[in-house]
Q: 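Let me begin by handing over the structure; questions about it come next.
Numbering of ligands and ligand atoms starts at 1, following listing order. Residue numbers run from 1 in the order of the sequence given.
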Amino acid sequence: MSEEMTTVDMGAIVSLCKRRGFIFQSSEIYGGVSGSWDYGPFGVELKRNIKNVWWRDMVQRRDEIIGLDAGILMHPRVWEASGHVEGFADPLVDCKSCKKRFRADHVQDDRCPECGGELTEPRMFNLMLKTFLGPVEDEASMTYLRPETAQGMFVNFANVLDVSRKKLPFGIAQIGKAFRNEITPRNFTFRTREFEQMEIEYFVKPGTDEEWHERWVKERFEWYIQYGMRREYVRLRQHEGAELAHYAKATYDVEYLFPFGWAELEGISNRTDFDLRQHALYSGREIAYFDEDTGERIVPYIIEPSGGVDRAALAFLVDAYHEQRVRGRKRVVLRFHPDLAPIKVAVFPLLRNRPELVALAKEIASELRPHMMTLYDDTASIGRLYRRQDEIGTPFCITVDVQTLEDNAVTIRDRDNMEQIRVAVPEVKDTLLEKLSIC
Ligand code: GAP
């Protein structure tokens, strides 16, 4: 009855995101702004679900990781100590003809990718976005929008240790915005100037760092699979010497096979004791851990799993996207894991001009709403309503029909196999909670 169609291209994803309200161009009515995107009603739910499951799995369900929410604006010395002022730069080339700028490592044959013109020699361009604190725009008031959330966790190491009394190994986790003045934002939300990160700084005893690094690489890889990504579309790639960041001893990327090729979702680095030592040096404060076993003060090593929320959202969208031909017609369906699906259940009356059906459907929706994200819709025919929910990735749809008035039962339709079952109204909530594995 149904047949899977060929693999997805980015055009189909971008168009679905706009059409269904996942992602809009930023400031679209003014012609848009490069490198920034707005998440619409379903995009914001998807992103929130990704952050929630990450926080639940990495923080709330573990004893040794605690959360933090540090400011985006930090003391400018932080960025000197971290090495970002000196070294957080990409090589940039200009086209002598059309004047456009490109990252030198994104240009293939030394000619402008837009017009074929001659390019300048590469020069380094710092990716941090500058801003000024207070009314005077001078050097003394200048700082940066953070390019990673990590530094907030390093500078709070002693505060968190004091209040939590954790023993090594322990971690600090944070989710928040980061900003980079990318030379060439591209591939939709993949490379943007404003994005969100989900980062863990995991502090371990020196000497145990390599073993912990390996454990985190495996754990973070499996996390993407756990939420439904097809294993053959996810891989690990180790950074080669020159590719390593200035702070890293070793890094593995979790990569996803996007329509534009394999690309990084998350980096898991062994940052050694670089960051804590740098902040101790620049701040003049001791940053160390007292090891009760040896009676020594030690500077822990750091293993850092650092993922992007927007990249995860894009990969989950691409991975969930399926086109099928059903009875000669194209069906687009997002097969999200139930924990990630923006809407868990949609409720419709079969006939919107029958007030008794409308009232009952609305009543069922409001009974479900406290337990799961529920949507009521009666703005189109039943076929269109199903198609809309398939494209949003809603796992279940409930239809209230004329028979419901007699047998007090409704139809529950499964997004993935389109099968329909009849369920008594008083059992609908528990049936769905069980199917969605919500407890
Ligand atoms: N604290 C380490 C760090 O920031 P990174 O590899 O530069 O490492 C971590 O960034 C993650 O942040 C990346 O794996 C990616 O998911 C996300 N990210 C980085 N730059 C991004 C950008 N310009 N647009 C969207 N996401 C980005």
Q: Got more than 12 heavy atoms from elsewhere within 6.0 Å of NZ, K18?
A: no

Q: Is any NZ, NE, NH1 or NH2 atom of the basic residue among E114 and K100 found under 4.0 Å from an Asp or Glu carboxylate oxygen of the other?
A: yes

Q: Show me the donor-acceptor pairs, under 3.5 Å and distance only, between side chains in residues 312-320 and residues at least two apart or in other chains.
A:
| residue | atom | partner | partner atom | Å |
| --- | --- | --- | --- | --- |
| D319 | OD1 | R230 | NE | 3.1 |
| D319 | OD1 | R230 | NH2 | 3.2 |
| D319 | OD1 | Y256 | OH | 2.5 |
| D319 | OD2 | R230 | N | 3.1 |
| D319 | OD2 | R230 | NE | 3.4 |

Q: For Y289, check side chain to side chain donor-acceptor pair (under 3.5 Å) against everything at least two apart and list the hits.
A: none

Q: Please enumerate all residues that pass side chain to side chain contact (heavy atoms under 4.5 Å, CB included) together with T431, with sequence neighbours excluded.
A: I412, V423, E427, K435

Q: Do E196 and K47 sit within salt-bridge range, that is, some charged N less than 4.0 Å from a carboxylate O?
A: yes

Q: What residues sit with at least one heavy atom under 4.0 Å from ligand 1?
A: E148, A150, R180, E182, F190, R191, T192, F195, Q197, E199, Y247, E264, L265, E266, G267, R271, E304, S306, G307, G308, R311

